[in-house]
Amino acid sequence: MSYTALYRKWRPTLFQDVKGQDHIVQTLKNQISADRIGHAYLFCGTRGTGKTSIAKIFARAVNCEHPKEGSPCNACDICKSIALGSSMNVVEIDAASNNGVENIREIREQVQYPPTEGTYRVYIIDEVHMLSTGAFNALLKTLEEPPAYVIFILATTEVNKIPITVLSRCQRYDFKRITTDTLVARLKELTAQEGIPAEDRALAYIAKAADGSMRDALSLLDQCVAFHYGTLLTYDNVLEVLGAVDSSVFSQLLRAVIAGQTAECIRKLEELVIQGRELGQFVTDFIWYLRNLLLLKTTDDGERMLEMSEDNLKQLREEAEMIDGDRLMRYIRVFSELSSQMRYASQKRILIEMALIRLTRPQMEYNLDSVIQRLNELEERLEEKNEGFSPEFLGQLAVKPEVSVSEELRQVAIPKAQMEDLELIRKDWGKIVRELGGSIRPSFRDTIVEPGGEGCLCVVFSSEESYSIGSRATVLGALEAYVREHYNKELHFKVRKRESGEPLNTIYISDEELKNAIHIDIVVEE
């Protein structure tokens, strides 16, 4: 007997076998049980999500002699004949190859005759968006007022191409992409029943590569098993068969990009080409890797959102400290543009090399993203050169040119708790502003921090424009959230604008230090 592909062998035959479309399955079962069956249905959604499978189950269920809770029994003569494709009651049409007016006219002639067995004549038109304009027009009247014994089920992956006149005559059901967890569970179930030994990590990668399609997942599994038949299907086997790349390669490549090592990036790409990796898949997976890194860096519960091992999370945490969010978003934009360009490109490798050069050499571009990255890199180098100065000195001067070191310094005593909070934030103020990024970074560049009361700090701005941005509630909220997350401190921030001629060289000391210095009781004024 000839071999049957897994996606055909394990196609659902009952509603309960359909995975990931519970909202649609339950609705259709309720309609059948309550005998409230519509005359026209539109199933739309991405490939491999169960549109045709559910249509065939529905066709058997409405004609079944002994339905069970809205599902077909698959044991009566009508169910068997429909399953074998020998029933005249169910007609499946591929609109991609039968898209003319004459094909629809044949349907209009057929619907005049009631079913020879069962209750309904069911017409399943797959890829219905491929019908011509004339064919759609020919279908309209029949679709709107068909005989009571006729049901139309239209399936499409491109619902935007369906005329509104057709949409308005159908009950529309949107099929969701199947989640990775659901795909993995189904793959584990099938490999156990087929006697196929496979690593969980291998099945998880297949499910991820399927991109929400059950049919794609089973086809990829079939392909991998065929290549390594009779042996344990490992993660490395799957990468080899699918031409994919291990995440460690993405980590090495990203670190080379961050370090500006153009030659090393090109060498990494050369290794992938020699190994025969599929370059389009490489670009897609690298974008996904950068996306995971961005989620980890910008969200509070990013680690829970990422489905990966602790080792991979540790690797991502390290890289999250090496790169700021703005630069990471630029990387994603560059590779997203590359992904769309590669679809029709003949020289994919050259396009990837150009993208890597753009990432490591932003000075070769003149768009806003690259200019911002170059400015950030320049600031970081300047900060590194200033490491010889004390944090207190840099915090007080706040790179203000009009403040001279020779000016007489003014000392103010504050409570010890406020002094601790002030020192904690002042010593890392440049780093805090840099990591918050966005509109905060340029607006907070010429600011200093001063005490603002119990559990409160005040940010002093020198320009009206920066003050207008820094005084926004969202900006202060982001600042407070950062301090809460990184320093485990509940501090509130307020802002004020520097008065004309106001000195910025005040030295703050704790009342305890002042008391010890002069050996008398000190009264601290609020």
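Salt bridge status for Glu92 with Lys56: present, with a side-chain N to carboxylate O gap under 4.0 Å. The pair Glu270-Arg267 does not count as a salt bridge, with every side-chain nitrogen at least 4.0 angstrom from each carboxylate oxygen.
Using a 4.5 Å cut-off on side-chain heavy atoms (C-beta onward), Leu6 and Glu194 make contact. Using a 4.5 Å cut-off on side-chain heavy atoms (C-beta onward), Phe286 and Leu338 make no contact. Between Tyr7 and Asp222 there is no side-chain heavy-atom pair separated by less than 4.5 Å. Within the 4.5 Å cutoff, no side-chain heavy atoms of Leu351 are placed close to those of Val283. Considering only heavy atoms from C-beta on, Val475 stays 4.5 Å or farther from Leu479 through its side chain. Counting heavy atoms from C-beta outward, Asn103 and Ile107 have side chains that stay 4.5 Å or more apart. Side-chain atoms of Lys9 and Leu218, non-hydrogen and from C-beta on, never get closer than 4.5 Å to each other. No side-chain heavy atom of Val128 sits under 4.5 Å from any side-chain heavy atom of Val166.
Under 3.5 Å, the side chains of Glu319 and Tyr289 contain a donor-acceptor pair of N or O atoms. Side-chain contact of Tyr123 with Gln110: a donor-acceptor pair under 3.5 Å is present, judged by distance alone. Under 3.5 Å, the side chains of Asp216 and Ser219 contain no donor-acceptor pair of N or O atoms. Judged purely by distance below 3.5 Å, without hydrogens or angles, the side chains of Thr49 and Thr46 never pair a donor atom with an acceptor atom. Between the side chains of Gln252 and Lys268, at least one donor N or O lies within less than 3.5 Å of an accepting N or O. Glu199 and Tyr205 form no side-chain donor-acceptor contact under 3.5 Å, judged by distance and modelled atom types alone. Side-chain contact of Gln193 with Trp10: a donor-acceptor pair under 3.5 Å is absent, judged by distance alone. Counting only N and O atoms by type, the side chains of Glu353 and Gln347 include no donor and acceptor under 3.5 Å apart. In this model, no donor atom of one side chain and acceptor atom of the other lie less than 3.5 Å apart for Asn89 and Tyr149.
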message: One pair to check against salt bridge (charged side-chain N to carboxylate O under 4.0 Å, His left out): Asp174 and Lys176. What are the steps and the verdict?
response: CA-CA 6 Å; Asp174 290 289; Lys176 301 176 182 177; over 6 Å; no
- request: Begin with the C-alpha distance, continue with both residues' side-chain angles, and end with the deciding distance and a verdict on salt bridge (charged side-chain N to carboxylate O under 4.0 Å, His left out) for Arg358 and Glu337.
  value: CA-CA 12 Å; Arg358 288 173 63 190; Glu337 293 172 3; 3.6 Å; yes
task: Start with the C-alpha distance between Glu102 and Arg105, add both sets of side-chain angles, then the distance that settles salt bridge (charged side-chain N to carboxylate O under 4.0 Å, His left out), and finish with yes or no.
output: CA-CA 5 Å; Glu102 62 278 2; Arg105 284 175 179 163; over 6 Å; no
task: Take Lys188 and Asp200, measure what salt bridge (charged side-chain N to carboxylate O under 4.0 Å, His left out) needs, and give me the verdict at the end.
output: CA-CA 8 Å; Lys188 287 181 179 180; Asp200 289 350; 3.8 Å; yes
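The residue from Thr191, Leu187, Leu232, Leu190 that alone fulfils the side chain to side chain contact (heavy atoms under 4.5 Å, CB included) condition with Ile196 is Thr191.
The distance from atom CD1 of Ile37 to atom CD of Gln171, rounded to the nearest 0.5 Å, is 10.5 Å. Atom NZ of residue Lys19 and atom OG1 of residue Thr182 lie 8.5 Å apart, to the nearest 0.5 angstrom. His66 NE2 to Cys64 SG: the interatomic distance, rounded to the nearest 0.5 Å, is 7.0 Å. Within the model, atoms CG of Leu140 and OG1 of Thr165 stand 4.5 Å from one another, a figure rounded to the nearest 0.5 Å. Between Asn63 atom CG and Ser81 atom OG the span is 8.5 Å, to the nearest 0.5 Å. Of the inter-residue distances, the one linking Ile323 atom CD1 with Glu318 atom CD reads 14.5 Å to the nearest 0.5 angstrom.
Nearest approach of Pro72 to Ile57, heavy atoms of both residues: CD-CG2, 3.8 Å. Taking each heavy atom of Cys73 and Lys68 in turn, the nearest pair found is CB-CE, 4.3 Å.
Environment of NZ in Lys208: crowded, with over 12 heavy atoms of neighbouring residues, nucleotides or ligands closer than 6.0 Å. By the 6.0 Å contact criterion, CE on Met88 is open, its count of non-hydrogen atoms from other residues, nucleotides or ligands being 12 or less. For Arg291, the CZ atom sits in a packed shell: over 12 heavy atoms of surrounding residues, nucleotides or ligands are nearer than 6.0 Å.
Within the 3.5 Å criterion, the main-chain N or O of Thr13 finds a donor-acceptor partner in the side chain of Asn74. The closest donor-acceptor contact from the side chain of Glu278 to the backbone of Gly280 lies under 3.5 Å.
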